[in-house]
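Order of the sequence lines fixes the chain letters, A, B, ..., with proteins taken first and strands second; residue numbering starts at 1 for each chain.
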Number of protein chains: 2
Amino acid sequence: MPVNKPGARNGANPRKAAARAEQAGPAAREMPMREFSRSLPMALLRAREAVMRHFRASLRKHGLTEQQWRILRALGGVETIEVTELARSAYLLGPSLSRILRDLEQRGLIERRSVKTDLRRGLVSISARGLSLIEAVAPSSEAIYAEMTRRYGAERLAALHEMLSALEASLADMPLPGNGHLNDEDDASL
Amino acid sequence: MPVNKPGARNGANPRKAAARAEQAGPAAREMPMREFSRSLPMALLRAREAVMRHFRASLRKHGLTEQQWRILRALGGVETIEVTELARSAYLLGPSLSRILRDLEQRGLIERRSVKTDLRRGLVSISARGLSLIEAVAPSSEAIYAEMTRRYGAERLAALHEMLSALEASLADMPLPGNGHLNDEDDASL
DNA sequence: AGATTTCATTTAACATGTTAATCATATTCC
DNA sequence: GGAATATGATTAACATGTTAAATGAAATCT
């Protein structure tokens, strides 16, 4: 999975150190950008990691990574699903999904076949073994979720979900930088 | 950095497909868990990706990855910093940081030495070349940020930051699952 | 002082993220 | 109906995430 858990070995709150490092002391440099700690991607990353680290241990006991678990959960909700749609559903890129499906198939957790009318398309479904694994993992996962909801507050959690959705929506139609002629290739050599 | 951009090739909103795949149709399966789309880690991941994809192209033009940029930014705010503190500041794990610092040093973007009184500790600072690279990247980065703020709303953005911080705080002292005797090793063979 | 332990960093090994390229099958165009 | 094109999936290549182990140096113990 794609998230980090820095500072865990030191047991300290990463935010404290970050703020300290940024605090413009006498010898601090002039920053041409906003302070680091205000970075939205960083805030989202840290929040996600704060959540995920609680699930990782549980998943690990069952020999699953976060992405593998996302796939199983997505498969648990349908009879069969095409690979492309599964990629969207589990929010994975094609290459990652290909690798993971290969592994999950070898472990007997999923089954694959192809669409008769279009041999390019692959169909994926969960196996009985995969289903029982879901049932084995789900309880502790739900328990962790419940405790998080209790601590953070159900309403606050719902509001956060709403704000995150709204953020996605706000940026969905924002044009990406033009990817111009790449004439800045000089910088790449730095 | 660690985030994905699935469905980009199809240009569709991932949420639509996800919701569709989850929508319990007649043949849908009974789910022992909450619906996929309500997963908080997924929501944070998608939001983060919605933000990051706008920065990736700009960084790429300058030959930087998201993590390399986080490190340069962190270094830009201080004269020197120890490796451990840099890891916290840039929110990277030690191994990732080691690899990236090696690369950035080879590219002449940073400089390294060790603490005289404790040869275990490494000191890192940004080079003149690294500083000019920051100055080259910062404007477009700030412009993207400004446009995002305009679209989402400055107040809403501040509220989101606050809620993310609160989430981190809420979960900071939540006990991690006991990592018991690992007697469930059977499941790992699935 | 020498052995043990702790600490900072790096290396190793494997899984995933990310982009580009490849491969096979379908579709379209002429 | 065969060449060109488009599409779904995989593979390739490189960077990072993640955990465990190794390395080197400092602190502690006796």
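For the atom pair A:Met174 CE and B:Arg53 CZ, the distance stands at 9.0 Å (nearest 0.5 Å).
Distances shown here put every side-chain N or O of B:Ser96 at or beyond 4.0 Å from the OP1 or OP2 atom of D:dT16. Regarding contacts with the backbone of D:dT10, a side-chain N or O of A:Arg112 is found under 4.0 angstrom from either OP1 or OP2. The side chain of B:Ser98 contributes no N or O atom lying less than 4.0 Å from OP1 or OP2 of C:dT11. Taking 4.0 angstrom as the limit, A:Arg60 places a side-chain polar atom (N or O) nearer than this to OP1 or OP2 of D:dA20.
As a whole-Å value, the separation of A:Arg102 CZ from C:dT16 P is 10 Å. Atom CG of B:Leu123 and atom P of C:dT10 are 12 Å apart (whole Å). Rounding to whole angstrom units, CZ of residue A:Arg53 and P of D:dT19 are separated by 11 Å. Nucleotide C:dA15 holds its C1' atom 12 Å from the CG atom of A:Leu104, rounded to whole Å. Between the CD atom of B:Glu66 and the P atom of C:dT19 there is a distance of 11 Å, given to the nearest Å. Between A:Leu101 atom CG and D:dG8 atom P there is a gap of 16 Å when expressed in whole angstrom units. As rounded to whole Å, 12 Å separates atom P of C:dT16 from atom CZ of A:Arg56. Atom P of nucleotide D:dT16 and atom CG of B:Asp103 are separated by 7 Å, given to the nearest angstrom.
Among the protein residues, B:Arg99 comes within range of the nucleic acid bases, having at least one heavy atom under 4.0 Å from a base atom. At a threshold of 4.0 angstrom between heavy atoms, the contacts of A:Ile100 are confined to the sugar-phosphate backbone, with no base atom among them.
Closest to the side chain of A:Asp118, from the set C:dT25, C:dA12, D:dA12, is C:dT25.
Residues passing the side-chain hydrogen bond (donor to acceptor under 3.5 Å, both in side chains) test with B:Ser140, sequence neighbours excluded: B:Ser58. Evaluation of the side-chain hydrogen bond (donor to acceptor under 3.5 Å, both in side chains) rule for B:Glu111 yields no partner, not counting sequence neighbours. Under the side-chain contact (heavy atoms from CB on, under 4.5 Å) criterion, B:Arg102 pairs with B:Arg99, B:Gln106, not counting sequence neighbours. In this view, B:Ser98 satisfies the side-chain contact (heavy atoms from CB on, under 4.5 Å) rule with no residue, not counting sequence neighbours. Remark: A:Arg150 engages A:Glu147 in a side-chain contact (heavy atoms from CB on, under 4.5 Å) (not counting sequence neighbours).
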Output a table of nitrogen or oxygen pairs between the protein and nucleotides 2-7 of chain C separated by less than 3.5 Å.
residue, atom, partner, partner atom, Å
C:dC7, O2, B:Arg120, NH1, 3.0

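Under the 4.0 Å criterion applied to side-chain N and carboxylate O atoms, B:Glu162 and A:Arg156 are assigned as salt-bridge partners.
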